[in-house]
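Worksheet: the structure to be examined is printed underneath.
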Amino acid sequence: MNKRPLKELLTAMHQGKFEFPELDTGDISDLYEKKIYNDREIHIPNKRLKTFHSFLNLFLLEHLHTNNEVVFSYRKGVNAVDAVSKHASSKYFFQTDITNFFNSIDTDLVTSTILNNIETCPISDIKNHITNIVKILTINDSVPVGFSTSPLLSNACLFNFDNELQKYCIENKLTVSRYSDDIIISSLEKSPTLEAEIYVARLLSELTNNKLSINKKKSKHTQTGNKIKLLGMVILPNGKVSVDIKFKRDTEVKLHFYLTDKEKFNEIAGPDFDSAIERMSGQLNYYNTVDPSYLDKLRKKYGATIVDMFLHKSDKL
């Protein structure tokens, strides 16, 4: 690998037309705004900070190690469907999530993760800038929700955890996948999935120095014969991954009113007509990813023209 100094790479990438003096101070307090959305604190970077974050994604964070056999979030070419499909032939399931995921990843964990990946990093003088880079990637000592850098960081910071969990699952004939803060473990036998809950909680705590923990209130055991719902999808008795029936019903009600009563459609899908169209487009594109055959059923029932216009958010709508 031909490594080059950070500032030299930044100059080359932007042909000398972009400067980021905050790299020398680490102070980005004036480069983002804070918003509250669904009771969550979101940090929105301004254009300059977004530009520098894009640079860090390209020359640093995309080079950090991740376990691509376990984690399916924030990776090109895979998605939540792939994370769920791994479990399609299982009979017993354990699912949980990590409490306050991004904000529980602190500066120490970020720093150690980057330093552990120096060999794969194309920046030759990364150690000289590590302190301020970590400040630019974090807010109030933790990884914020809203930065484009946070997803890749979260995958890398759990690399050791993913590796050890995968090893445990292989030894115990378990299937495992992680999608961001959601962890799914399944098996053909019941006992190993029950034991896995204790192991996951202990392993996560040990490998992150008690910074991350599973959310016991959201931990859940299920088995075939009951509804198997994972990441908003369901595994049908035939092993096919599809969309939850309640989402299908909601979509079909909206399509019905779009055809028969635009005012009612806007009322239930709102808050305004443009937003309603945007949401329907998002829903149908999601279904197209999870279960394309369901869209064929919608086309037969409501007409291919309407479904495809929503799907592609046509100007004709």
Side-chain angles (χ1 to χ4, degrees), residues 33 35-44 50 72-88 93 95 97 101 145-146 148 150-151 177 179-182 184 218 220 222 224 226-317:
E33 61 177 315
K35 292 186 177 181
I36 303 298
Y37 181 74
N38 287 341
D39 296 326
R40 298 180 73 192
E41 192 172 81
I42 311 293
H43 293 86
I44 313 298
K50 282 183 180 179
F72 291 85
S73 50
Y74 318 126
R75 289 179 46 220
K76 296 175 183 177
V78 297
N79 53 40
V81 180
D82 299 296
V84 172
S85 296
K86 284 189 69 174
H87 304 273
F93 307 82
Q95 53 187 310
D97 70 15
F101 183 39
V145 177
S148 66
S150 296
S177 61
Y179 193 83
S180 188
D181 58 342
D182 289 290
I184 306 170
K218 292 187 177 181
K220 183 180 180 182
T222 52
T224 51
N226 298 313
K227 185 177 183 179
I228 307 302
K229 184 178 178 181
L230 306 170
L231 302 182
M233 291 164 261
V234 292
I235 297 179
L236 302 176
N238 63 1
K240 181 180 180 180
V241 176
S242 188
V243 181
D244 192 343
I245 187 65
K246 75 174 185 178
F247 296 127
K248 292 180 178 179
R249 288 172 179 163
D250 176 70
T251 297
E252 294 192 31
V253 166
K254 291 174 182 175
L255 285 172
H256 168 76
F257 282 119
Y258 180 81
L259 290 170
T260 62
D261 188 341
K262 293 288 197 302
E263 215 173 284
K264 183 68 174 177
F265 167 77
N266 185 51
E267 180 184 325
I268 64 173
D272 54 65
F273 193 73
D274 288 342
S275 297
I277 297 297
E278 188 79 30
R279 290 182 179 184
M280 279 296 292
S281 177
Q283 285 181 353
L284 293 187
N285 275 284
Y286 170 70
Y287 300 158
N288 194 40
T289 300
V290 177
D291 185 1
S293 64
Y294 176 58
L295 283 186
D296 292 333
K297 294 180 181 179
L298 292 180
R299 289 184 180 99
K300 290 178 181 178
K301 188 172 182 179
Y302 299 98
T305 301
I306 293 299
V307 171
D308 289 336
M309 282 195 302
F310 272 115
L311 187 64
H312 304 295
K313 209 166 61 171
S314 168
D315 292 337
K316 295 178 181 179
L317 279 170

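Along the sequence shown, residues are numbered consecutively beginning with 1. Because only heavy atoms are used, hydrogens play no part in the values below, and waters and symmetry mates are left out as well, while side chains stay in.
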Residues Thr251 and Gln283: closest non-hydrogen pair is OG1-OE1, 3.2 Å
At their closest point, which heavy atom of Tyr179 faces which heavy atom of Ala80, and how far apart are they? CE1-N, 3.4 Å
Whether Asn285 side chain and Leu311 backbone form a donor-acceptor pair below 3.5 Å: yes
Check whether any side-chain heavy atom of Ile42 sits under 4.5 Å from a side-chain heavy atom of Ile36, and report yes or no. no
Does Gln95 reach the main-chain N or O of Lys229 with its side chain, forming a donor-acceptor pair under 3.5 Å? yes
Looking at Phe257, is Lys254 sitting on its ring face, NZ or CZ under 6.0 Å from the six-membered ring centre and within 45 degrees of the normal? no
Quick one: closest heavy-atom pair of Leu230 and Val84, and the distance? O-CG2, 3.6 Å
From Phe93 atom CZ to Ile235 atom CD1, the distance as rounded to the nearest 0.5 Å: 4.5 Å
Glu252: what forms a side chain to side chain donor-acceptor pair (under 3.5 Å) with it, not counting sequence neighbours? Tyr294, Lys301, Tyr302
Can you tell if the side chain of Met233 reaches within under 4.5 Å of the side chain of Phe247, non-hydrogen atoms only? no
Given side chains that start at C-beta, do those of Leu255 and Phe265 come closer than 4.5 Å, heavy atoms only? no
Please check if atom CZ in Arg75 has more than 12 non-hydrogen atoms from other residues, nucleotides or ligands closer than 6.0 Å. yes
Count the heavy atoms of every other residue, nucleotide or ligand shown that sit under 6.0 Å from NZ of Lys262, and state whether that count exceeds 12. yes
In Å and rounded to the nearest 0.5 Å, what is the CG to OG distance from Leu231 to Ser177? 7.0 Å
Are the side chains of Lys227 and Asp244 in touch, meaning some heavy atoms are under 4.5 Å apart? yes
Heavy atoms of Ala88 and Gly239 approach each other most closely as CB-O, 3.1 Å
Looking only at heavy atoms, which two atoms of Asp97 and Asp182 are closest? And how far apart? CB-OD1, 3.6 Å
With no hydrogens and no angle check, is any side-chain donor or acceptor of Asp250 less than 3.5 Å from a backbone partner on Lys246? no
Just checking Tyr258 against Phe310, ring centres under 6.0 Å apart? yes
Is a side-chain donor or acceptor of Ser281 paired with a backbone partner of Ile277 at a separation under 3.5 angstrom? no
Of the non-hydrogen atoms in Asp291 and Ser242, which two are nearest, and what is the gap between them? OD2-OG, 2.7 Å
What is the distance from atom CD1 of Ile184 to atom CD1 of Ile228, rounded to the nearest 0.5 Å? 11.0 Å
Within a strict 4.5 Å, meaning less than it, do heavy atoms of the Thr305 and Met309 side chains meet? yes
Ile268 side, atom CD1; Lys264 side, atom NZ - distance, nearest 0.5 Å: 6.5 Å
Are Lys300 and Asp296 ion-paired here, with the side-chain N under 4.0 Å from a carboxylate O? no
